[in-house]
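Only heavy atoms go into these numbers, but all of them, side chains included; no hydrogens, no water, no symmetry mates. Because the structure is predicted, anything quoted here is derived from the model rather than measured.
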Amino acid sequence: LGCVLVEMATGVPPWSHRQMDNFLHAFRIISDTNETPEIPAYLTPQCQDFMKACLDRNVERRPTAEQLQCHAWLQVEPGELGPSYRER
């Protein structure tokens, strides 16, 4: 989920600065290092915190989907984000 959010926020795949030329190269970097994708500084602190939680390499610390649903970044009031898709 964290990698998907990074790509959605930046428009480029995570680790794109590494210029991976194939799937195995990407797999090696992702599985054999502790490196995580860079989280854009222009995002809100709550969004950055959500992404950091999703990208935590330590499975014992990484929150479950149920725990993520309670994260402050997802707790918005109806209408706070503007009109919904259906209201447009």
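Across Met51 and Val6, no two heavy atoms sit closer than the pair CE-N, 3.8 Å. Between Ile39 and Gln48, the closest heavy-atom pair is CG2-CG, 3.8 Å. Among all heavy-atom pairs drawn from Cys54 and Leu68, the shortest one is SG-CD1, 3.8 Å. Nearest heavy atom pair, residue Leu55 against residue Cys3, reads CD2-N, 3.8 Å.
A salt bridge (charged side-chain N to carboxylate O under 4.0 Å, His left out) check over residues 35-45, counting only residues at least two apart or in different chains, returns the pairs Arg18-Glu35.
Between the OG1 atom of Thr33 and the CZ atom of Arg57 there is a distance of 5.0 Å, given to the nearest 0.5 Å. In this structure, the separation between CG on Asp49 and CH2 on Trp73 is 11.0 Å, given to the nearest 0.5 Å.
Checking side-chain atoms of Gln75 against main-chain N and O of Gln69 turns up a donor-acceptor pair under 3.5 Å.
Under the 4.5 Å side-chain heavy-atom criterion for grouping Ile, Leu, Val, Met, Phe, Trp and Tyr, Val12 is not connected to Trp15 through any hydrophobic cluster.
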Just list the side-chain donor-acceptor pairs under 3.5 Å for residues 23-31, sequence neighbours left out, or say none.
from	atom 1	to	atom 2	distance (Å)
Ser31	OG	Phe27	O	2.7

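Annotation for Gln67: atom CD counts as buried by contact number, over 12 foreign heavy atoms lying within 6.0 Å.
Residues Arg62 and Val59 are in side-chain contact: their nearest non-hydrogen atoms beyond the backbone lie under 4.5 Å apart.
The aromatic rings of His71 and Phe50 sit perpendicular to each other, their planes meeting at more than 60°, with 30° as the lower class boundary.
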Would you check, one step at a time, whether the test side chain to side chain contact (heavy atoms under 4.5 Å, CB included) holds for Tyr42 with Thr10?
-> CA-CA 10 Å; Tyr42 54 79; Thr10 63; 3.9 Å; yes
